[in-house]
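Everything numeric here is computed off the predicted structure, so don't read it as measured data. To find a chain, count down the sequence lines: A is the first, B the second, and so on, and within it residues start at 1.
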Amino acid sequence: MEWTTPVSLTVRAGKFAFDNRHTIQRYWTLAKAYLDAGSTQVVITGMPGAGKSLLNAQMHGRARDLYFEEPGESTKVETDAVTLGEWTKLVRVLPGQSGYRTHGEIEAFQGNGKLEGVIHVVDFGYSSPRDPVVAETLVTNDGLDTIEKLRARNLSLEIDTLKLELANVRKLVAQHSSLKWLLIAVNKIDLYPNQMSAALAHYHPDGNSAFGEALRVLQRDVGKDNLGIYIAGSCAYEADFRWNGSVAQSALPRKKQDLVLRDFMKSVAMITRIHE
Amino acid sequence: MTYNSDTTSENRPDYDGLREYDLSIEGQAQRVHELEELLELAESTAANVGRLADSVDRGRTQAWIATILASFFFSILASGLSYVFTTSVRVDSSLYYIIAAAASLNALVAVAFMMVFINRTAYVKRVKRDLMVEIDIQHRLVSMIDQQMQRVVHGGEYSPVHRAIVDIRVRRMMRY
């Protein structure tokens, strides 16, 4: 055998690997997701019922399967490989309840030098307790008998949840410089298509709400250049919202939902590319 | 009734401040009391989960040890029998009686360990059923505690220290 043969083979294999680096990295990340191994690169957080699991399923593409079942309450951290632009990222979804998310939170935020971004899912107050006993207590004991009252309460609680999340972000940014972006995913926009701008303004760091104020404080603390904060609308699932006999109708056609999701995915891909 | 999502600016709620809620001291005391009850129940469930998980681990270890020991005694028995069949040991010799006695003893011990294995496997299955029930209860309680915590936080004064204590108690419960 000529000495040039192994050299040629090695060079060709190297070129092939380089040309297909995205596919190789994708399968490598898929294997890690399957084995639930490896450090989290993107973490999805938010209040219970905000639609984190569904949004993740949409990002993954699983939600478009014919036999996809709507997830219920997540009691475990979900791990997935999601392709964002050219590269595939290891994404973990933290359950909304503090008891369930302990392990995932420690794994994602404590000394994780690989975490690149956080997607914080909010729903403009359109979530209700899954436990019927708690739901009834809110109506009968606490007087939250209309959707608007429930939303006002949820929006107030969202700020508490955000502040807890931002404490984790602040801590991680101080420890590692890998965390570069925070995306506020304004979910369930099918329930308020005509209030979309109001919702985005409510969650925007330049907005007048306490939510925006908390984001402004974070940006001031860690520096605008160190952490990019973005807002994007999303609609992971079209479903009416029901509370105590009232219904907020889902008013977004399927095609429009597809468009919103496509824009959302494009935004996430662009954000990851900006911060690479 | 259909809720119109086209809310005009006049009747749009003050998202950060609106609290049409039972803000009385009694109401808040009741919520805190309920939260404490849920926490106590969840802690006792978590203790049960821990105890049952330990029992499952212990039962599994015992089943494994019993399997290893039964295999060991069965292999000694097999070795002894193959020795008897492959060599010409006289039936009335003392060596024959010694081998026969040892083989019988071995067989008895091996069967005893097999029984231990079956018993431990059945025990693990039984305990796992109880464990599943306790875990199911624990999951429901964790969910309810979270919702109750939201009621308490939204319902009036609640010190951040108390909140942190509740959070620590909940996290400690979810070790298993």
If you round to the nearest 0.5 Å, how far is [atom2] of [Y] from [atom1] of [X]?
{"X": "B:Arg151", "Y": "A:Leu138", "atom1": "CZ", "atom2": "CG", "answer": "6.0 Å"}
{"X": "B:Leu141", "Y": "A:Asp131", "atom1": "CG", "atom2": "CG", "answer": "9.5 Å"}
{"X": "A:Ser98", "Y": "B:Arg169", "atom1": "OG", "atom2": "CZ", "answer": "12.5 Å"}

Given heavy-atom pairs under 4.5 angstrom as the criterion, report whether the side chain, backbone, both or neither of [X] touches chain B.
{"X": "A:Pro48", "result": "side chain"}
{"X": "A:Glu158", "result": "neither"}
{"X": "A:Gln97", "result": "both"}
{"X": "A:Ile106", "result": "neither"}
{"X": "A:Thr75", "result": "side chain"}

Shortest non-hydrogen contact between [X] and [Y], atoms and distance:
{"X": "A:Glu105", "Y": "B:Arg171", "result": "OE1-NH2, 2.9 Å"}
{"X": "A:Gly99", "Y": "B:Val142", "result": "CA-CG1, 3.9 Å"}
{"X": "A:Met47", "Y": "B:Gln150", "result": "CE-NE2, 3.7 Å"}

Check: What residue, out of A:Leu157, A:Asp240, A:Thr137, A:Asn154, has the most heavy-atom pairs lying under 4.5 Å from chain B?
Finding: A:Leu157
Side chains of [X] and [Y] in contact at under 4.5 Å (non-hydrogen atoms):
{"X": "A:Val133", "Y": "B:Arg140", "value": "yes"}
{"X": "B:Arg31", "Y": "A:Asn141", "value": "no"}
{"X": "B:Ser143", "Y": "A:Arg130", "value": "no"}

Checklist line | A:Gln175 CD: over 12 foreign heavy atoms closer than 6.0 Å | finding: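 More than 12 within 6.0 Å, yes.
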Item checked: Atom CE of B:Met115: over 12 foreign heavy atoms under 6.0 Å -> no
Next item on the list: Check step by step if side chain to side chain contact (heavy atoms under 4.5 Å, CB included) holds for B:Arg163 and A:Leu164.
Entry: CA-CA 12 Å; B:Arg163 204 176 160 177; A:Leu164 291 174; 4.0 Å; yes
